[in-house]
Amino acid sequence: MPQDALYVLDCSYYFRASFFAIPAFPNPSGKTLNAVFGFVSTLLRLMTTYRPPKLIIAGDATGPYFRHQLFPAYKSAKVRVPQECDQQLPTLLQVLQVMGIPYVSAPGFEADDILATIANTESGAHCHVYICARDKDLQQLLSNDVSMLDIASGAKLTPDALLAMKGVCPEQVPDLLALTGDAADSIPGIPGVGEKTAVRLLAKYGSLEMILDNWEVIGGNLGSKLRDLRAQALLAKELTTLRKDVPLELLPLELRLQSVHDEVEALFQQLGFERLLKGWNKLLEACQDKEEPESPFQPDLFTE
């Protein structure tokens, strides 16, 4: 039996990227909706190119997150998204509701944890999960039944591609981030340990815990740092390990585009999304004619 496919899209990344990539423009009612326009444009591209039978949007809840309880400085250096972007989110949620696409978030958790939970519970012999995101933390979720997809390029990241690209297996990604640190999330690593050194250590010892246990064998200045910063490194691994037990209410839903067409058309016209309405109609026509989607994936290749 062929595998079903579930596509899970990281709202946080694509929504904010759209805000910065598309110049602000007012809709007929005077609202600025560039982030909504860009996100829905990306969504329609995904739906047209890959024709996902099931699709879920994962979003960040409003902070703080459980990681702040473990490490108060978590993401402290991150530049806050402009208020003009956040103000557009309710409109995006309205669009997704009309399109019949579930949006999932959970208090205290980030989108990455939502993605991890869905990938863990839905992937398997009868379902392949495609994570549409670019966050390196998500590479730890890769498996025979979970891939990462770059919507723009069509590049697909698999465990074999990750090993060839970085020299680590998916389960070693939190160890790698704990050793090198993650500046984007204000998580400190072991000073002086870059990716090459971390990969070499993981290739020899297998895990962060084994590396820390062998600090005497490693010796020198690095061994001393591993000894002295053991607690910090273990905390960093806990922070970079995604949760797979987020309580979620919504289950994957099959897309039923025809049944929501009239509502989508009315809302797009109200928002001034005439260009997106053309894309929506093109998608419906392709589905009605049962056209085969374009070749969905490029070779296993993924760029940061």
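Please read these numbers as outputs of a predicted model, since none were measured by experiment.
Judged purely by atom type and a 3.5 angstrom limit, Ser186 uses its side chain to pair as donor or acceptor with the backbone of Ala77. In this structure a side-chain-to-backbone donor-acceptor pair under 3.5 Å is missing from Thr48 to Arg45. Looking at Thr197, its side chain never comes within 3.5 Å of a backbone N or O of Val193 through a donor-acceptor pair. A side-chain donor-acceptor contact under 3.5 Å links Gln232 to the backbone of Gly189. The backbone N or O of Gly38 sits nowhere less than 3.5 Å from a side-chain atom of Ser41 that would complete a donor-acceptor pair. In this structure, the side chain of Gln172 engages the main chain of Gly206 through a donor-acceptor pair within 3.5 Å.
Nearest heavy atom pair, residue Tyr14 against residue Cys132, reads CE1-O, 3.4 Å. Taking every heavy atom of both residues into account, Tyr205 and Met210 meet most closely at O-CB, 3.3 Å. For the residue pair Pro53 and Ala5, the shortest heavy atom distance occurs at CG-O, 3.1 Å. Heavy-atom minimum distance, Ala61 versus Gly108: CB-N, 4.1 Å.
In summary, the side chains of Gln88 and Asn34 do present a donor paired with an acceptor at a separation below 3.5 Å, with no hydrogens or angles considered. Side-chain contact, His128 with Ser123: no donor N or O sits under 3.5 Å from an acceptor N or O. Neither side chain, Asp175 nor Ser207, offers a donor N or O lying under 3.5 Å from an acceptor on the other. In the model, Lys166 has a side-chain atom that pairs as donor or acceptor with a side-chain atom of Gln139 under 3.5 Å. A donor-acceptor contact closer than 3.5 angstrom links the side chains of Ser29 and Asn27.
The aromatic ring centroids of Phe37 and Phe273 lie less than 6.0 Å from each other. A centroid separation of 6.0 Å or more is found between the aromatic rings of Phe39 and Phe19.
Residues Val173 and Lys136 fail the side-chain proximity criterion, which asks for heavy atoms closer than 4.5 Å. Using a 4.5 Å heavy-atom threshold, the side chains of Phe15 and Val36 count as touching. Within the 4.5 Å cutoff, no side-chain heavy atoms of Thr32 are placed close to those of Gln87. Under the 4.5 Å side-chain criterion, counting only non-hydrogen atoms from C-beta, Ile101 is in contact with Met47. Residues Lys225 and Ile218 have side chains not in contact (no heavy-atom distance under 4.5 Å, counting atoms from C-beta outward).
No more than 12 heavy atoms of other residues, nucleotides or ligands lie within 6.0 Å of CD in Gln97, so this atom counts as exposed by the packing criterion.
Hydrophobic clustering (side-chain heavy atoms under 4.5 Å, transitive across Ile, Leu, Val, Met, Phe, Trp, Tyr) keeps Phe20 apart from Val40. Leu208 and Leu163 are assigned to two separate hydrophobic clusters, defined by single-linkage of ILVMFWY side chains at heavy-atom distances under 4.5 Å.
Using a 4.0 Å cut-off between a side-chain N of Lys or Arg and a carboxylate O of Asp or Glu, Glu110 and Arg243 do not qualify as a salt bridge. For Asp182 and Lys75, the salt-bridge test fails: no basic side-chain N is under 4.0 Å from an acidic carboxylate O. Salt bridge status for Arg227 with Glu216: absent, with no side-chain N to carboxylate O gap under 4.0 Å.
The OG atom of Ser105 sits 9.5 Å away from the CG atom of Leu248 when rounded to the nearest 0.5 Å. Taken from CG in Leu141 to CD1 in Ile118, the straight-line distance is 11.0 Å, to the nearest 0.5 Å. Once rounded to the nearest 0.5 Å, the distance linking CD of Gln269 with CG of Leu277 reads 6.0 Å. Between the CG atom in Asn120 and the CG atom in Asp245 there is a gap of 9.0 Å [rounded to 0.5 Å]. Leu179 CG to Ile190 CD1: the interatomic distance, rounded to the nearest 0.5 Å, is 6.5 Å. The line from OG1 of Thr42 to CD1 of Ile151 is 6.0 Å long, rounded to the nearest 0.5 Å.
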Next on the checklist: As a quick check of understanding, evaluate ring-ring contact (aromatic ring centres under 6.0 Å, His included) for Tyr65 and Phe109, giving each step before the final call.
Outcome noted: CA-CA 5 Å; Tyr65 306 119; Phe109 294 96; 8.8 Å; no
Next on the checklist: Please determine whether salt bridge (charged side-chain N to carboxylate O under 4.0 Å, His left out) holds for the pair Asp86 and Arg80, giving the CA-CA distance in whole Å, both sets of side-chain angles, and the decisive distance to 0.1 Å.
Outcome noted: CA-CA 10 Å; Asp86 289 339; Arg80 178 168 174 77; 3.6 Å; yes
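Each of Asp113, Asp185, Asp137, Asp112 was checked for a salt bridge (Lys or Arg N to Asp or Glu O under 4.0 Å) with Arg67, and the lone residue meeting it is Asp113.
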